[in-house]
Amino acid sequence: MTNKINIAIAGATGNVGREILQILEQREFPINNIYCLASSRSKGKKIEFKGQEIEVEDLAKFDFSTVQLSLFSPGGSISAKYAPKATKEGCIVIDNTSHFRMNDDVPLVVPEVNSDVLQDFFNNNSRSNIIANPNCSTIQMVMALKPLHDEAIINRVVVSTYQSVSGAGKAAMNELFEQTKNIYVNKNVEKKEFTKQIAFNAIPHIQSFLKNGNTQEEQKMIDETKKILDPHLLVSATCVRVPVFISHAESVNLELDSPLSNERAKEVLSNFAGISVVDYPEDKGYVTPVEAAGTDKVYVSRIRKDATIENGLNLWIVSDNLRKGAALNAVQIAELIIKKHSNCFH
Ligand SMILES: NC(=O)c1ccc[n+]([C@@H]2O[C@H](COP(=O)([O-])OP(=O)(O)OC[C@H]3O[C@@H](n4cnc5c(N)ncnc54)[C@H](OP(=O)(O)O)[C@@H]3O)[C@@H](O)[C@H]2O)c1
C-alpha cells in the first residue's frame, strides 16, 4: 500500500486550486494531512475537502518543512517567490504557473507524453525539486501531437486556439458573466480583466505582446511544445479568448514528414492514453467545449487530410483547461512521484 503524505495546495481558493482539491478527492490521493494556502485576504476562509472543513492559511507564513509535496497555482510572481522557499524547506513543488517552465533544471511534464524526463530529474542529487505543469493550451495539443509525431514525424504545426475565460482566473469568469448580464439589461459593460468586451466577442490577445508580434500565450505554446515534444518542430500559434466559461478548443494544421491516412491517424490517436476520438462527419459528430467541461479526456474531432499541402492533416482538439489543462495533469505528476520516486520525499 502507498504511504500517505502531507501535501499543501498553494492557490487553493482559485480556479485551479479548487479543481486540484476536487481531483485529489476523486482519485483518492494518499493524503495524511492537507493544507490549503492562499493570500492573506483568504486567511481563515473554509474549504471543504472529503467532507471536512479546512481553514485557509496564509502562503507567506506557511512552514513547508511539514509537507512532502506542494501543488502551486498562486500566479507566476507568487510562485517565483514561494516555490524556491518551499524547496529550501525540503518540499517537492509541482508548479502550474509559467514562471519556471523554460528553466533547464525544471522538467515540463505531461505524464502520457514525456514522463521519462522525471527519471533523469530524480536521479540528479542537485535537482531543483521544482517540476512545471505546462500551459493549458500546450497540454491538450501535445497530447494529440505525440502519437502522430511517433507515427509520421510532424515538421510544422499551425494552431489557432479558442480559449475559455476560466484560463484567466476566477475574476475573468465573473467578468464574462457580468458583461453578458449587463448587455441583456442595457447596462454599461465594464472591462477590467480583458482589454476589450469579452461577452459576445472574440479577442486575439492573451497576455502581453512581445517584440516579435506574438503574445506571451502564443510564445508559450511554441516554446513549451518544442521543449516537451521535439526542439526541431516548427510551431505557429494564434491564441484567441472566446466567451466560453470552461474548456479550450484548438484548430490544428499539421505538416507531416510522410503520408498518414485519416484512418491510421484516428487509430493511433484512439490508442493513446487520455485521448478520446469523437469524429463522425455528421451533426453532433464532434466535441465542443461545453461537453468537455468537467471531464478528464482530451477530445480529438474533425480529423482529415489537408489536401493543400503534401502530408497535411487537420484536427480539432478540445479539453477542460482546468482539469487536464491544469489540475489533473499536476495530480497525475504527483501520482507518478508517489509511485516511482517516493524515496525522494524528506
Ligand atoms: N486556469 C487555467 O486554465 C490555468 C491553467 C494552467 C495554469 N494556470 C495558472 O495557474 C495560476 C492560477 O490560475 P487560476 O486560474 O487558479 O487563478 P485564480 O482563480 O485567479 O486564483 C489565484 C489563486 O492564487 C492566490 N493568490 C493570489 N495572490 C496571492 C498571494 N499574494 N499570495 C498567495 N496566494 C495568492 C489566490 O488567493 P486569494 O483567493 O486569496 O486571492 C487564488 O487562490 C496562474 O498562474 C495561471 O496562469 C491556470
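Worth knowing before you read on, the calculation uses all heavy atoms, side chains too, and leaves out hydrogens, waters and symmetry mates. Each ligand, and each atom within it, is numbered from 1 in the order the structure gives.
- Within 6.0 Å of the NZ atom in K266, the count of heavy atoms belonging to other residues, nucleotides or ligands exceeds 12.
- For N321, heavy-atom contacts with ligand 1 shorter than 4.0 Å involve the backbone as well as the side chain.
- Heavy-atom proximity to L322, at under 4.0 Å, picks out these atoms of ligand 1: 1 (N), 2 (C), 3 (O).
- Among the atoms of N135, none of the N or O lies under 3.5 angstrom from an N or O of ligand 1.
- For N103, the side chain to side chain contact (heavy atoms under 4.5 Å, CB included) partners at least two apart in sequence or on another chain are F100, D105, V106.
- The residue among S39, S77, S98 with a heavy atom at the shortest distance from atom 30 (C) of ligand 1 is S39.
- Nearest to atom 37 (O) of ligand 1 among the protein's heavy atoms is T13 OG1, 3.1 Å.
- When only non-hydrogen protein atoms are considered, atom 16 (O) of ligand 1 lies nearest to V16 N, 2.9 Å.
- With 3.5 Å as the limit, one finds no donor-acceptor pair spanning the side chains of Q140 and S319.
- Each of the atoms 33 (C), 34 (N), 37 (O), 40 (O) of ligand 1 lies under 4.0 Å from some heavy atom of A38.
- The closest protein non-hydrogen atom to atom 1 (N) of ligand 1 is S166 O, 3.1 Å.
- Among pairs with a residue in residues 22-44, those fulfilling salt bridge (Lys or Arg N to Asp or Glu O under 4.0 Å) read R27-E335, at least two apart in sequence or across chains.
- At most 12 heavy atoms of other shown residues, nucleotides or ligands fall within 6.0 angstrom of atom CG in D104.
- Under the 4.5 Å side-chain criterion, counting only non-hydrogen atoms from C-beta, Q207 is not in contact with T215.
- Shortest contact from atom 19 (O) of ligand 1 to any protein heavy atom: N15 N, 2.9 Å.
- Within the 4.0 angstrom cut-off, atom 47 (O) of ligand 1 has no protein heavy-atom neighbours.
- Taking all atoms of both residues into account, the shortest heavy-atom contact from T13 to A38 is OG1-CB, 3.5 Å.
- The shortest contact between atom 44 (C) of ligand 1 and any protein heavy atom is with G75 CA, 4.0 Å.
- The shortest contact between atom 9 (C) of ligand 1 and any protein heavy atom is with N96 O, 3.6 Å.
- In this structure, R302 places its CZ atom where only 12 or fewer heavy-atom neighbours from other residues, nucleotides or ligands lie under 6.0 Å away.
- By the 3.5 Å distance cut-off applied to N or O atoms, S42 is counted among the residues near ligand 1.
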* **Working for salt bridge (Lys or Arg N to Asp or Glu O under 4.0 Å), residues K324 and D320** => CA-CA 6 Å; K324 185 57 186 166; D320 184 325; over 6 Å; no

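- Of the N or O atoms in I78, none lie within a sub-3.5 Å distance of an N or O in ligand 1.
- Using a non-hydrogen distance threshold of 4.0 Å, G325 registers as a contact of ligand 1.
- Classification of the H205-F209 ring pair by plane angle, with boundaries at 30° and 60°, yields tilted.
- Among protein heavy atoms, the minimum distance from atom 17 (O) of ligand 1 is reached at G169 CA, 3.7 Å.
- Which of K170, E19, E193 comes nearest to atom 18 (P) of ligand 1 through a heavy atom is settled by distance: it is K170.
- Under 4.0 angstrom from ligand 1, the non-hydrogen atoms of R41 all belong to its side chain.
- Within 6.0 Å of CG on L233 lie more than 12 heavy atoms contributed by other residues, nucleotides or ligands.
- A salt bridge between K181 and E178 is present, with a side-chain N of the basic residue lying under 4.0 Å from a carboxylate O of the acidic one.
- Inclusion of G14 in the set of residues having an N or O under 3.5 Å from an N or O of ligand 1 is warranted.
- For ligand 1, the atoms closer than 4.0 angstrom to any heavy atom of T97 are 45 (O).
- Of the protein's heavy atoms, P74 O, 3.7 Å lies nearest to atom 26 (N) of ligand 1.
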